[in-house]
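Step one of this worksheet: look at the structure below.
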Amino acid sequence: QVQLLESGGGLVQAGASLRLSCAASGRTFRHYNMGWFRQAPGKEREFVAGITWSGGSTNYADSVRGRFTISRDNAKNTVYLQMNSLKPEDTAVYYCAATYTYGIDGPYEYWGQGTQVTVSS
């Protein structure tokens, strides 16, 4: 089992950058495929990005491809989401997720509590 804690959210202006971090507990973090999701007010949670356990493969939602980058540091038990050129429509609660059983397309078995990202116009 793994526990996840997100950080790095905040309020920024359109065009700015933020880097989210997700710290995972447990010695087997390197065995998990990891993902970032987001949920905006009144909308369903949506997939943002995923990365395989080795970091060798990634996937992105079309809405963020080219602006966001997912990465991981297995030595630090941490996965990151670098968000550039932020837009007001990126405003949401961002969740980190982990799966041991499935690929980066999910489903995901473990979830963090989320961190708020607000982008003003």
(message) Check this for me: Q3, atom CD, are more than 12 non-hydrogen atoms of other residues, nucleotides or ligands nearer than 6.0 Å?
(response) no
(request) Looking only at non-hydrogen atoms, find the nearest pair between S71 and I51 and report the distance. (result) CA-CD1, 3.7 Å
(message) For the backbone of Y102 and the side chain of N33, can you confirm whether one donor and one acceptor N or O come within less than 3.5 Å of each other?
(response) yes
(message) To check you understand the geometry: which heavy-atom pair defines the closest contact between Y94 and V48, and what is its length?
(response) CE2-CG2, 4.4 Å
(request) Using the side-chain contact (heavy atoms from CB on, under 4.5 Å) rule, take R38 and E46 through it: C-alpha gap first, then chi angles, then the decisive distance, then the call. (result) CA-CA 5 Å; R38 67 187 182 186; E46 64 175 355; 2.6 Å; yes
(message) Once you measure the plane-to-plane angle for F37 and Y108, does it fall in the parallel (<30°), tilted (30-60°) or perpendicular (>60°) bin?
(response) perpendicular
(request) With rounding to the nearest 0.5 Å, note down the distance linking OH in Y95 to CH2 in W36. (result) 12.0 Å
(request) Measure from NZ or CZ of R45 to the centre of the six-membered ring of W111 and say whether it is under 6.0 Å with the direction within 45° of the ring axis. (result) yes
(request) Flag yes if Y100 and F29 sit in one hydrophobic cluster, no otherwise; membership is Ile, Leu, Val, Met, Phe, Trp, Tyr, and two members link when side-chain heavy atoms are under 4.5 Å apart. (result) yes
(message) Quick check for you: to the nearest 0.5 Å, what is the distance between S63 atom OG and D90 atom CG?
(response) 7.0 Å
(message) Using 0.5 Å steps for rounding, measure from the CG atom of L5 to the CG atom of N77.
(response) 12.5 Å
(request) Using the side chain to side chain donor-acceptor pair (under 3.5 Å) rule, take R19 and Y80 through it: C-alpha gap first, then chi angles, then the decisive distance, then the call. (result) CA-CA 7 Å; R19 188 176 80 158; Y80 304 98; 4.7 Å; no
Report, one line per pair, each donor and acceptor closer than 3.5 Å where one atom sits in a side chain of residues 113-120; sequence neighbours left out.
from : atom 1 : to   : atom 2 : distance (Å)
T115 : OG1    : G9   : N      : 3.2
Q116 : NE2    : A92  : O      : 3.4
Q116 : NE2    : T118 : OG1    : 3.3
S120 : OG     : V12  : O      : 3.4

(message) Strictly distance-based, threshold 3.5 Å: is any side-chain N or O of R30 a donor or acceptor partner for the main-chain N or O of N74?
(response) no
(message) With rounding to the nearest 0.5 angstrom, report the CZ to OG1 distance, R65 to T58.
(response) 8.5 Å
(message) If hydrophobic clusters are built by linking Ile, Leu, Val, Met, Phe, Trp and Tyr wherever their side-chain heavy atoms come under 4.5 Å apart, do V93 and L18 end up in the same one?
(response) no
(request) Could you state whether V2 and L20 fall into the same hydrophobic cluster, counting links through intermediate Ile, Leu, Val, Met, Phe, Trp or Tyr residues with side-chain heavy atoms under 4.5 angstrom apart? (result) yes
(message) Under a 3.5 Å distance rule, please check whether Y60 uses its side chain to pair with a backbone N or O of I70 as donor and acceptor.
(response) yes
(request) Examine L86 and V64 and state if one hydrophobic cluster contains both, with Ile, Leu, Val, Met, Phe, Trp and Tyr joined whenever side-chain heavy atoms are less than 4.5 Å apart. (result) yes
(request) Identify, with sequence neighbours excluded, every residue that meets side chain to side chain contact (heavy atoms under 4.5 Å, CB included) alongside T28. (result) H31, Y32
(request) Report yes or no: do T101 and E109 form a side-chain donor-acceptor pair below 3.5 Å? (result) yes
(request) Could you tell me whether the side chain of M83 reaches within less than 4.5 Å of the side chain of R67, counting heavy atoms only? (result) no
(request) Write out all pairs satisfying disulfide (SG to SG under 2.5 Å) with one or both partners inside residues 2-104, taking only residues at least two apart or from two chains. (result) C22-C96
(message) Main chain of S57, side chain of T52: is a donor-acceptor contact present, judged purely on distance under 3.5 Å?
(response) yes
(message) If I take atom CD from residue Q13 and atom OG from residue S121, how far apart are they, to the nearest 0.5 angstrom?
(response) 9.0 Å
(request) For the pair T78 (side chain) and K76 (backbone), establish whether a donor and an acceptor sit closer than 3.5 Å, ignoring hydrogens and angles. (result) yes
(message) Please determine whether side chain to side chain donor-acceptor pair (under 3.5 Å) holds for the pair N84 and S17, giving the CA-CA distance in whole Å, both sets of side-chain angles, and the decisive distance to 0.1 Å.
(response) CA-CA 4 Å; N84 298 330; S17 297; 2.9 Å; yes
